[in-house]
Amino acid sequence: MEMKYINTKLFLIVIICLLSGYSFAQKIPFVNNIQQYNIKEGDVAKMQVNVYSIRNDDGVVRTNMLADYAVEISFDTLRNRVKEIIYSASGEKLHTNTWDYNIANETVGQYKLDNDNYEIAKKITQSNAKAKTVNLRKYGSGDTLLVEENWMVGATGKTINLDRYVWDIYRGIIGKKTSKSFDIKDGKSIEHLITELGDLDDYSWLPNFINDWNLARNKESRDTRLTDGTQILYIYDKKKDLMTEKKYINSKGEVMRKIDYEYEFDGNGNWTKLTQYSNNQPNTIVTRTFEFRVKPIVVRKKK
């Protein structure tokens with residue numbers, strides 16, 4: 001009886017880990033867990049992100065106008081992203097993106113809805129962790145299949161291969177097939193490539209920042225080499241789990257551009273304001289506001 005209880009408890013723990021993005025095998029792709037947004041504490045229900053251009057008034061940096069679409073991101077009780085509401089610079093709601101997750105067949109569905117909650121388009125991804133493959137299907141209105149992509153790790157383990165089919169919506173047959181192969185680089189995966197080469201995000205600053213942050217994670221710095229000889233150096237503060245610098249260095253070793261990130265925090269270590277500097281000149285301010293299901297206990301440090 002005790003062994004049965006332990007097995008049941010272990011099963012529930014595994015299911016919770018899968019749903020919350022902590023799967024050892026990463027069986028479900030694109031689970032944007034709350035930790036992927038560098039949120040440390042609190043049962044966060046929603047996060048609002050605003051990106052502003054800034055002005056400098058006699059040495060005082062102030063927010064100016066929105067420099068990107070604003071987004072409100074909602075998380076379920078298992079800390080997974082389930083909804084994005086996209087707003088224009090004038091504050092008007094543009095549309096909504098929603099996600100659902102299916103543990104049984106390892107799928108994630110992404111749906112784009114208009115302001116009346118009618119489906120504009122959807123995308124379904126299905127992973128096979130053992131075979132190291134991901135199938136992605138993009139639909140137009142009326143559940144019309146438009147594109148199907150099969151991603152797989154190559155036999156040598158050194159490449160990621162893609163077969164892409166464009167469907168002929170009138171005849172219901174495959175209209176075109178293209179195949180590509182990508183070298184696997186440090187920190188890259190099928191999920192990374194699909195994100196990089198896929199549809200453009202509604203907003204740009206946040207996903208670009210998260211991608212850079214993930215590239216630098218778990219190391220104090222990381223290099224990326226571009227085909228023209230340019231080196232991008234990401235500097236990372238492992239103690240605070242934050243990216244602090246990004247440098248563009250030419251083939252001669254000269255720093256062409258340096259981006260610095262300066263943070264402000266709430267009482268639990270979640271950053272709520274970021275000022276971005278380009279070559280020591282402030283150019284962007286990003287704010288994050290949180291709505292908690294249960295407000296976290298504010299940690300008060302001794303002075």
Side-chain angles (χ1 to χ4, degrees), residues 32 36-40 46-73 81 84-94 187 192 195-196 198-217 219-266 269-290:
N32 283 280
Q36 292 174 272
Y37 291 90
N38 198 213
I39 299 173
K40 295 182 176 298
K46 295 179 183 178
M47 176 180 71
Q48 174 88 25
V49 180
N50 291 329
V51 180
Y52 300 93
S53 62
I54 61 179
R55 65 178 187 268
N56 195 328
D57 293 341
D58 297 324
V60 179
V61 176
R62 305 180 189 278
T63 58
N64 191 7
M65 62 180 69
L66 283 173
D68 197 358
Y69 286 137
V71 59
E72 180 187 273
I73 302 172
R81 177 186 66 173
E84 287 177 346
I85 301 177
I86 313 300
Y87 297 90
S88 69
S90 60
E92 297 175 343
K93 181 180 173 182
L94 297 177
H192 273 112
T195 301
E196 288 181 3
D199 303 325
L200 294 175
D201 290 291
D202 295 298
Y203 46 95
S204 60
W205 188 92
L206 183 61
N208 289 338
F209 175 80
I210 290 172
N211 184 58
D212 288 344
W213 174 60
N214 281 320
L215 282 174
R217 289 185 75 181
K219 293 187 177 182
E220 291 181 0
S221 65
R222 174 168 289 186
D223 294 349
T224 296
R225 305 278 178 167
L226 304 183
T227 55
D228 64 356
T230 301
Q231 173 191 6
I232 304 177
L233 180 64
Y234 304 90
I235 307 298
Y236 182 80
D237 185 337
K238 293 180 70 174
K239 184 178 180 180
K240 294 184 178 179
D241 197 29
L242 297 170
M243 185 171 64
T244 57
E245 291 181 42
K246 181 180 177 183
K247 296 180 180 179
Y248 293 84
I249 303 170
N250 65 20
S251 56
K252 297 179 182 179
E254 301 167 334
V255 177
M256 300 181 294
R257 186 186 178 198
K258 182 168 77 82
I259 300 174
D260 295 283
Y261 304 94
E262 183 180 275
Y263 302 86
E264 295 181 15
F265 304 88
D266 63 16
N270 298 317
W271 70 263
T272 55
K273 181 180 178 181
L274 179 153
T275 304
Q276 178 179 301
Y277 296 79
S278 179
N279 294 332
N280 299 318
Q281 295 297 317
N283 62 1
T284 305
I285 286 180
V286 183
T287 63
R288 302 198 305 179
T289 55
F290 302 103

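Worth knowing before you read on, the calculation uses all heavy atoms, side chains too, and leaves out hydrogens, waters and symmetry mates. Note that the coordinates shown come from a computational prediction; the quantities given were computed from them, not determined experimentally. For the single chain, residues carry numbers from 1 onward in sequence order.
Nearest heavy-atom pair across N283 and S278 is ND2-CB, 3.4 Å. Closest non-hydrogen pair, N270 versus K40, comes out as OD1-N, 2.6 Å. Closest approach of N50 and A70 over heavy atoms only: OD1-CB, 3.2 Å. Closest non-hydrogen pair, P282 versus N280, comes out as CD-O, 3.9 Å.
With sequence neighbours left out, S90 forms a side chain to side chain donor-acceptor pair (under 3.5 Å) with S88. Annotation: ring-ring contact (aromatic ring centres under 6.0 Å, His included) contacts of Y87 (sequence neighbours excluded): none. The ring-ring contact (aromatic ring centres under 6.0 Å, His included) search around Y69 returns none, not counting sequence neighbours. With sequence neighbours left out, D260 forms a salt bridge (charged side-chain N to carboxylate O under 4.0 Å, His left out) with K258. Residues satisfying the ring-ring contact (aromatic ring centres under 6.0 Å, His included) criterion with Y203, sequence neighbours excluded, are absent altogether. In this structure, the side chain to side chain contact (heavy atoms under 4.5 Å, CB included) partners of N208, at least two apart in sequence or on a different chain, are S204.
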Apply the test side-chain contact (heavy atoms from CB on, under 4.5 Å) to residues T244 and Y261: give CA-CA distance (whole Å), side-chain angles for both, the deciding distance (0.1 Å), then the verdict.
-> CA-CA 5 Å; T244 57; Y261 304 94; 5.7 Å; no

Candidate pair Q276 and V286, rule side-chain contact (heavy atoms from CB on, under 4.5 Å), full reasoning = CA-CA 8 Å; Q276 178 179 301; V286 183; 5.9 Å; no

Y236/W213 under side-chain contact (heavy atoms from CB on, under 4.5 Å): CA gap, chis, key distance, verdict | CA-CA 8 Å; Y236 182 80; W213 174 60; 3.5 Å; yes

Audit row: L206, V51, side-chain contact (heavy atoms from CB on, under 4.5 Å) steps and yes/no | CA-CA 9 Å; L206 183 61; V51 180; 5.9 Å; no

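Of the inter-residue distances, the one linking I85 atom CD1 with E72 atom CD reads 4.5 Å to the nearest 0.5 angstrom. Taken from CG in D68 to CD1 in I86, the straight-line distance is 9.5 Å, to the nearest 0.5 Å. Taking CD1 of I73 as the start and NZ of K46 as the end, the distance is 12.5 Å to the nearest 0.5 Å. Of the inter-residue distances, the one linking I54 atom CD1 with I285 atom CD1 reads 5.0 Å to the nearest 0.5 angstrom. Atoms CG and CE, from L274 and M243 in turn, are 8.5 Å apart once rounded to the nearest 0.5 Å. Once rounded to the nearest 0.5 Å, the distance linking CD1 of I39 with CH2 of W271 reads 9.5 Å.
Neither side chain, R288 nor Y37, offers a donor N or O lying under 3.5 Å from an acceptor on the other.
Under a cut-off of 6.0 angstrom, the local environment of NZ in K240 is sparse, with at most 12 non-hydrogen atoms contributed by other residues, nucleotides or ligands.
The side-chain heavy atoms of K247 and E245, taken from C-beta on, include a pair separated by under 4.5 Å.
Taking the centre of each ring, F209 and W205 come in below the 6.0 Å mark.
Without hydrogens or angle criteria, N214 side chain to I210 main chain gives a donor-acceptor distance under 3.5 Å. Between the S53 side chain and the A67 main chain, no donor and acceptor come within less than 3.5 Å of each other.
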